[in-house]
> 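This is the structure I have questions about; it appears just below.
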Amino acid sequence: MTPLPKVCYEIFVRSFCDSNGDRIGDLNGITSRLDYLRELGIEALWLTPVHPSPSYHKYDVLDYYAIDPEYGTLDDFKRLLREAHQRGIQVYLDLIINHTSVLHPWFEEARQSAQSPYRSYYWWMNQEQIDRLGVAVRSQTADSREVYPWHDNADDPEKYYGLFFKGMPDLNYDSANLRTEIRQIMDFWLNEMGVDGFRLDAARHIYPEWLKEKNHAFWEEFGQVVESTRKGTYTVGEVWAPAQEVAPYFKGLKAAFHFDLSFEIQLLLLRGRDKGLVEKLLTDYTIFEEHNRDFIDATMLTNHDQNRIGSVVGGDIRKMKLAAALLLTLPGQPYLYYGEEIGMLGMKPDPRIREPFLWTDERDDPQRPLWIKPRHSRRANVRALALQQPDPDSLFNHYKRLIALRKSHPALGQIIRPNLAAFPLDDTEWLAYYRPHDEQSAWVLHNLSGQTKYLAHEQIGLEKHQLLFATYPTTLLRDAPLEVPPYGSVVLGYAPPAE
Ligand SMILES: [Ca+2]
Ligand SMILES: [Ca+2]
């Protein structure tokens, strides 16, 4: 079985790298940057949707068996996979099966007549049925602001359900034929194309709100189908909800994104004080474990639907370094969002958190996508990668060092059955925790404040330590207190006790 990647990377394909001069990021552009991703230490890629679609983000699919010509061809995709695999990088496909585009042939057929064989692929009701069920109006959720999810279909007496907006009709998994279609799509991508896993979009919405108790059974069956289609396939679900609601999805999906943690880390950085992050994580693990002891906690600072971490912390590179140190020393399977490693900035609306990657400082770097004129991540306020690579103090090299650290120390890189213990220090401007491991345990300390802080050796309480990592050069004299500059992090390794 393929090993579980220790550090993953989300690419918003349109904005990453252009290969053919149309200034739209594409698959060959990604392939041309695989050496960069390997240098950074990435072991898996999650690509945002690549199928033909009428939108710039492509989360409304027209054809599950093709690549949008803007991004390339199936052959380009195969080459990307081959080249990625040669570098020890897995590739996950973003599978959007909660809805299709309103222009997908299934829906175009379905909307023609109630007798269409595709009618049952979607949700249809007349106003009376909608009112009887009391589902005409929904409450907004973190991932959808749609309040009126029922949409008119010309002079059809029935409306169709589209949770996100009228351009994305929701699929109806009570249809056995639809389930067969999805099975064939998965088989194609796993066995004919050879992807390593799926990121499952909008997993918590697969059934509509009035039938949401059917969601968990759906994903359990899905998990079995994936496993029988190709054993060992990785799956990660987008369940944008509190941990309690995420937990049951681990019965069917191997991993789920930890949105709660993402927001806790952001709050921690804004407050400069810890309010029980480790305790919160330990509680979440207990909840997850009830459903699957081998759950994979997919962690991130932010993704393509959240304000970029660089902007959340007001563009302060020191706080971005602290954010990186938190993500990469806590348990879980971390996902970097492209450009985070060079300090890219971005605040909603959505296109503004998905701006082009800055490869070089050239005014008109031909590989830099230009589908949108950047407002946040401009050369004036984000140092391009080429400038950061030779600078040992750059954010990029900080990420690179942390990733290498995580990969080389089993205590830090453990994903299944997360090893974490609190290490209370009586001062909420510190965050300290312990990552126990048979080989070598690690002790992690973060200074959350804007002041240099000192910690006496007695407070660490353990004798045989070795400095594994420090954001800033740190003194570790036996007789002097540990000195940690503002927003600095320190990782110490402890050998197992001598027999
Ligand atoms: Ca292009
Ligand atoms: Ca749905």
Side-chain angles (χ1 to χ4, degrees), residues 11-33 47-48 50 52-53 56 58-61 67-73 75-77 79-80 95-102 104 106-107 110 120-125 130 133 135 138-139 141 143-144 146 148-151 159-175 178-179 181-182 200-219 221-222 237-241 245 249 252 354 356-357 359 364-372:
I11 293 180
F12 191 77
V13 179
R14 191 174 204 78
S15 291
F16 195 60
C17 184
D18 177 35
S19 71
N20 63 351
D22 67 359
R23 305 305 290 269
I24 292 173
D26 48 46
L27 297 179
N28 289 339
I30 297 172
T31 305
S32 75
R33 295 297 176 170
L47 307 183
T48 56
V50 293
S53 160
Y56 84 93
K58 306 201 193 293
Y59 275 94
D60 42 347
V61 175
I67 301 289
D68 195 303
E70 281 190 324
Y71 289 176
T73 63
D75 281 340
D76 294 336
F77 192 90
R79 194 161 64 86
L80 166 57
L95 193 60
I96 302 107
I97 57 171
N98 174 68
H99 51 262
T100 63
S101 164
V102 78
H104 191 288
W106 295 341
F107 191 75
S120 65
Y121 282 26
Y122 298 90
W123 298 94
W124 300 92
M125 280 190 210
I130 295 168
L133 263 178
V135 295
R138 69 181 288 276
S139 309
T141 44
D143 48 9
S144 174
E146 183 63 77
Y148 303 105
W150 292 95
H151 310 285
K159 296 169 190 268
Y160 66 90
Y161 181 77
L163 163 74
F164 290 100
F165 86 113
K166 67 179 190 320
M168 294 182 178
D170 277 53
L171 289 163
N172 180 346
Y173 285 93
D174 283 346
S175 160
L178 173 62
R179 288 190 183 219
E181 300 257 19
I182 300 299
L200 286 317
D201 187 61
R204 68 187 283 248
H205 296 301
I206 205 78
Y207 269 91
E209 277 136 2
W210 64 93
L211 289 172
K212 68 177 182 190
E213 72 282 356
K214 292 174 92 169
N215 277 347
H216 305 142
F218 174 86
W219 289 113
E221 184 192 318
F222 179 93
E238 179 203 22
V239 182
W240 192 327
E245 203 178 322
Y249 289 85
R354 304 165 179 176
F357 193 98
W359 295 102
D364 202 26
D365 174 0
Q367 296 203 297
R368 186 192 313 142
L370 209 67
W371 66 274
I372 187 173

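Just follow the structure's listing: the first ligand is 1, and inside any ligand the first atom is 1. We count residues from 1, following the sequence as given.
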> I'd like the atom name of the N/O/S atom in Asp26 lying closest to the Ca ion (ligand 1).
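It is OD2, the N, O or S atom of Asp26 closest to the Ca ion (ligand 1).
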> Using the ring of Tyr71 (Phe, Tyr or Trp, six-membered ring only), decide whether Lys58 places NZ or CZ under 6.0 Å from its centre and within 45 degrees of its axis.
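That pair qualifies as a cation-pi contact.
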> Would you say His99 reaches the Ca ion (ligand 2) with an N/O/S atom under 3.0 Å?
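Under 3.0 Å: His99 has no N, O or S contact with the Ca ion (ligand 2).
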> Quick one: the OD2 of Asp170, the Ca ion (ligand 2), OD1 of Asn98 angle, rounded to 10°, please.
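Angle OD2(Asp170)-the Ca ion (ligand 2)-OD1(Asn98): 100°, rounded to 10°.
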> From the N, O or S atoms in Asp18, identify the one nearest to the Ca ion (ligand 1).
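The Ca ion (ligand 1) is closest to the Asp18 atom OD1, counting only N, O or S.
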> Using only N, O or S atoms, tell me which atom of His205 is closest to the Ca ion (ligand 2).
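Nearest N/O/S atom: O.
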> Please tell me if the side chains of Arg14 and Ile372 come closer than 4.5 Å, counting only heavy atoms from C-beta onward.
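No, too far: nothing below the 4.5 Å cut-off.
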> For the pair Arg179 (side chain) and Tyr173 (backbone), establish whether a donor and an acceptor sit closer than 3.5 Å, ignoring hydrogens and angles.
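It does hold such a pair.
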> Do Tyr207 and Asp174 have side-chain heavy atoms sitting under 4.5 Å apart?
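Yes. Closest side-chain heavy atoms under 4.5 Å.
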> Can you name the nearest heavy-atom pair linking Ile24 to Glu70, along with the distance?
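Smallest interatomic distance, heavy atoms only, reads CD1-OE2, 3.6 Å.
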> What angle, in degrees and rounded to 10°, do you get at the Ca ion (ligand 1) when you join it to OD1 of Asp22 and to OD1 of Asn20?
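The OD1/OD1 angle about the Ca ion (ligand 1) sits at 80°.
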> Can you tell me if, anywhere in Ile24, an N/O/S atom lies at a distance from the Ca ion (ligand 1) that is smaller than 3.0 Å?
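Checking the Ca ion (ligand 1) against Ile24, an N, O or S atom does fall under 3.0 Å.
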> Answer with yes or no whether the side chains of Asp76 and Thr73 bring together a donor and an acceptor at under 3.5 Å.
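Checked: Thr73/Asp76 side chains pair up, N/O donor to acceptor below 3.5 Å.
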